[in-house]
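Take a look at the structure below.
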Amino acid sequence: MPIKYTTRIVRGSCPIQEFIEKYVDPPRFMEYCKACQNYEKRWSCSPLDIVPLDFLNSYSDIRLIGLEIILDKNMLQGVVCEAFDVPKQINTILDIEKKRLTTLLIREEKSIPNSQYLFSGACEICEICTRTEGKPCLFPERMRYSIEAVGADISKISEEILGIKVLWMKGSTIPEHLILICGLLIK
Ligand code: SF4
């Protein structure tokens, strides 16, 4: 049975210099990215074909957008992570909400000239990314870098800028809320 949930959008902003000083550390987060299945497999992901700090420094501010997904606790009974695999019901929710978030980000990006959004996680436009074949990105005009891949500290951003505590999976237990964090870089 599908898990019921509600969502809310939380927003914040930060001048880019302050953001870099407090919340960005590319070498540190590159190490976490190495454990991800998308490392070196998607153009949106680490290691990037840009220098993250130079890229961020070409903007003046960043708006942070968090989509909090609040899961119905009663429906989580019996839903567990096995061997760190996210359960299908949760993946379905994430797929739906990532699409919704993408639509919102595209709309906001279009409304602000020269802005560019950073997505929560990997680019999923193509099922199999051309990076796996050593070929250029098929849709560079649509692909957006992952906020994690530019070295952003998602937990700290969530807690200090958006006021939402990140809950991680504890063993096989699913947390009561999930959060997708994105950025909108502005010149
Ligand atoms: S648009 Fe396609 S080829 Fe480009 S990064 Fe995304 S998945 Fe890879």
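Whatever order the structure lists ligands and atoms in, that order sets their numbers, starting from 1.
- If you chain together ILVMFWY residues whose side-chain heavy atoms come under 4.5 Å of each other, Ile70 ends up in a group of its own.
- Between Lys187 and Asp61, none of the side-chain N atoms (NZ, or NE/NH1/NH2) sits under 4.0 Å from a carboxylate O, so this pair counts as no salt bridge.
- Around atom 6 (Fe) of ligand 1, the protein contributes the following N, O or S atoms at distances under 2.8 Å: Cys123 SG.
- Aromatic ring pairs are classed by plane angle as parallel below 30°, tilted from 30° to 60° and perpendicular above 60°; the pair Phe119 and Tyr117 is perpendicular.
- Ring geometry, Tyr59 versus Phe55: the interplanar angle exceeds 60°, so the pair is classed perpendicular (tilted spans 30 to 60°).
- Taking 4.0 Å as the cut-off between side-chain N and carboxylate O, Glu124 and Lys99 do not count as a salt-bridged pair.
- Partner of Ile181 under the side chain to side chain contact (heavy atoms under 4.5 Å, CB included) criterion, out of Ile164, Ile157, Ile65: Ile157 alone.
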